[in-house]
A.B. asks: 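First, the structure itself, so that you have it in front of you.
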Amino acid sequence: MFLGFITFLALLSTHEFGTSAQATPQTITLHSRTTSRDALLRRRALSPSTIPLTDFFLGTDLQWFGNLSVGTPPQQITVVFDTGSSSLEFASTLCGSGCANQFQFDSSKSSTFVDGGRTSSITFGTGVGVDPVIGANYKLTLRSGTDTVSVGGLKATNVGLFLITNQTVKFDIDPFSGIQGMGATAQGIFAALISQGLPSLFSMYLTPKSVGKAELTIGGMDKSKFTGTPIFASLPTGSGNTWRLTSPGLSVNGKTNTVLKTSRSIIFDSGTSNVLFSTDTANAIYALISPDIKPNPNEPGTYGIACNRIASLPATIDIAFTSQSGAPFNLTIPSGELSVGPFANDPSTCQTLINAFDGLDLVGGSLLKHYYSIWDVGSKRLGFAPAVGV
């Protein structure tokens, strides 16, 4: 097209100023301009975009959620940006009274929505709050589709998604309508934006309610939100879609024991508020905090202690990792995270942050809100730096 435009201008110039019908044809020499690959990438790249996040707080910081839009014309949907899952699902008018507390997307009002016709269900291993998952008490029934999705001013068409057609009552307290998965393999809207030139990483500034101004940056990082230089650790081979790092051991208040010195693979999940460890690990951690922290039989997997004692307990938990350069580093959960609030059935007893869940080692918001976290999909690594103001 560029050569054709130049040729057309040359012919127009000859016709306009030619001196005779026998005018001598003019020879035009075109010089190609070589553009470096890096320059082409810079020209094509989408700029990073930042999405403000709201803290869902019920006695403790539970979830951080923000906005995206779906459909034509766009309908605004509030979602948790969840590194523990991979798909986009949100409440729809097909859910009716089952989703009465959330905004419901109306696919009939979107000219770009295409019904995929496939139904499925998804059961979550962790829930919205700090209470344990029992059986299928966190379950969504879904119907597939595609539509135009925008986030942070960046738009992609024909994005795969799921409409929630039913949900268990545990989701009733949610002030948001759905979940946008942000797993370690780019999918959905994030994959589509990467194909448009967005750098393949995102960053999270998940702050306590007292600090506020939480945010998600897609395609980059906000250097004003952390101090120092981030430390990166590589995901182990075979991690697939899971954000996980290998830890050689844990310590509590500077002490450890045989159980805690065991190597384990720990999942990082922005959609979970507290911490999950196997029963023996949870018991070993609590043994180094206080022998009075006991399991709560009314909520299997949880532990607690008298609320009037919890504030005085030292409970600093250090989780060891190894950086890409081979240097050891710790990520720390401070003592102030020990209590996640009173049990509903016993307000004098406060639940502690670690739930026992055999077969799963996972850290969530209680750790992440003390760091600026960088989730590098393209390089399969996780980065951490001290968060500003936390």
Side-chain angles (χ1 to χ4, degrees), residues 59-61 130 132 206-211 226-228 231 233 244-269 272-296 299 301-323 327-343 348-358 360-373 382 384-387 389-390:
T60 188
D61 305 292
V130 296
L206 303 180
T207 59
K209 181 178 174 64
S210 58
V211 175
F226 63 87
T227 60
I231 298 174
R244 68 171 76 236
L245 295 176
T246 301
S247 169
L250 294 82
S251 63
V252 181
N253 299 323
K255 299 177 181 180
T256 190
N257 53 40
T258 303
V259 173
L260 299 187
K261 285 190 289 187
T262 303
S263 178
R264 53 180 55 79
S265 181
I266 297 179
I267 295 170
F268 288 76
D269 183 1
T272 298
S273 57
N274 54 349
V275 176
L276 302 177
F277 280 124
S278 60
T279 303
D280 61 344
T281 301
N283 289 337
I285 291 173
Y286 286 136
L288 293 174
I289 298 174
S290 171
D292 296 326
I293 296 177
K294 302 291 186 182
N296 179 2
E299 294 188 26
T302 67
Y303 295 73
I305 190 171
C307 293
N308 60 7
R309 294 193 53 203
I310 202 165
S312 64
L313 291 175
T316 300
I317 301 171
D318 288 308
I319 308 174
F321 298 98
T322 304
S323 73
F329 71 96
N330 288 342
L331 296 178
T332 301
I333 303 173
S335 297
E337 295 294 335
L338 182 60
S339 175
V340 297
F343 283 107
S348 67
T349 301
C350 281
Q351 182 180 344
T352 47
L353 84 158
I354 299 170
N355 286 2
F357 194 116
D358 290 322
L360 187 64
D361 296 315
L362 179 151
V363 294
S366 56
L367 181 144
L368 292 172
K369 65 186 177 184
H370 296 284
Y371 296 91
Y372 189 86
S373 54
L382 270 168
F384 302 92
V390 176

A.B. asks: Check whether any side-chain N or O of Thr352 sits under 3.5 Å from a backbone N or O of Tyr303 as a donor-acceptor pair, and report yes or no.
C.D. replies: yes
A.B. asks: How long is the span from the SG atom in Cys350 to the CG atom in Asn296, to the nearest 0.5 Å?
C.D. replies: 12.0 Å
A.B. asks: Step by step, work out the side chain to side chain contact (heavy atoms under 4.5 Å, CB included) result for Thr316 and Thr332.
C.D. replies: CA-CA 7 Å; Thr316 300; Thr332 301; 3.5 Å; yes
A.B. asks: Out of curiosity, Ser335 OG to Ile310 CD1, how far, rounded to the nearest 0.5 Å?
C.D. replies: 10.5 Å
A.B. asks: Ring-plane angle category for Phe384 and Tyr371, please: parallel below 30°, perpendicular beyond 60°, tilted otherwise.
C.D. replies: perpendicular
A.B. asks: Can you tell me if Ser247 uses its side chain to pair, donor with acceptor, with the backbone of Ala320 under 3.5 Å?
C.D. replies: yes
A.B. asks: For Val275 and Ile285: C-alpha separation, side-chain torsions, deciding distance, then whether side chain to side chain contact (heavy atoms under 4.5 Å, CB included) applies.
C.D. replies: CA-CA 12 Å; Val275 176; Ile285 291 173; over 6 Å; no
A.B. asks: List the steps, then state whether side chain to side chain contact (heavy atoms under 4.5 Å, CB included) holds for Asn355 with Asn274.
C.D. replies: CA-CA 8 Å; Asn355 286 2; Asn274 54 349; 3.5 Å; yes
A.B. asks: Hey, what do you get for CG (Leu353) to CD1 (Ile317), rounding to the nearest 0.5 Å?
C.D. replies: 5.0 Å
A.B. asks: Please name the residue in the list Leu360, Asp361, Leu276 that meets the side chain to side chain contact (heavy atoms under 4.5 Å, CB included) test with Ile267.
C.D. replies: Leu360
A.B. asks: Please confirm whether the backbone N or O of Lys209 pairs with a side-chain atom of Asp61, one donor and one acceptor, at under 3.5 Å?
C.D. replies: yes
A.B. asks: Where the side chain of Tyr286 meets the backbone of Ile354, is there a donor-acceptor pair that is under 3.5 Å apart?
C.D. replies: yes
A.B. asks: Kindly compute the distance separating CG (Leu250) from OG1 (Thr256), expressed to the nearest 0.5 Å.
C.D. replies: 7.0 Å
A.B. asks: What are the two closest non-hydrogen atoms of Phe321 and Thr246, and how far apart are they?
C.D. replies: CD2-O, 3.4 Å
A.B. asks: Please list, chain by chain and in numerical order, all residues satisfying side chain to side chain contact (heavy atoms under 4.5 Å, CB included) with Ala306, sequence neighbours excluded.
C.D. replies: Asn308, Arg309
A.B. asks: How long is the span from the CZ atom in Phe343 to the OG1 atom in Thr302, to the nearest 0.5 Å?
C.D. replies: 3.5 Å
A.B. asks: Considering the options Ile266, Val259, Asn283, which one meets the side chain to side chain contact (heavy atoms under 4.5 Å, CB included) requirement together with Phe277?
C.D. replies: Ile266
A.B. asks: I need the Asp280 CG to Thr258 OG1 distance, nearest 0.5 Å.
C.D. replies: 11.5 Å
A.B. asks: Answer yes or no: is there a donor N or O on one side and an acceptor on the other, between the side chain of Asn253 and the main chain of Pro314, under 3.5 Å?
C.D. replies: yes
A.B. asks: Does Val340 reach the side chain of Ser273, with side-chain heavy atoms less than 4.5 Å apart?
C.D. replies: no
A.B. asks: Search all heavy atoms of Ser366 against all heavy atoms of Ile333 and return the closest pair with its distance.
C.D. replies: O-CG2, 3.9 Å
A.B. asks: Between Phe329 and Thr322, which heavy-atom pair has the shortest distance, and what is it?
C.D. replies: CE2-C, 3.7 Å
A.B. asks: Please assess Leu260 against Ser251 for the test side chain to side chain contact (heavy atoms under 4.5 Å, CB included), listing each intermediate value before the final yes or no.
C.D. replies: CA-CA 7 Å; Leu260 299 187; Ser251 63; over 6 Å; no
A.B. asks: I'd like to know if the side chain of Thr279 pairs up with that of Asp358 as donor and acceptor (distance under 3.5 Å, no hydrogens or angles considered).
C.D. replies: yes
A.B. asks: Can you find a side-chain donor-acceptor pair between Arg264 and Ser278 that sits under 3.5 Å?
C.D. replies: no
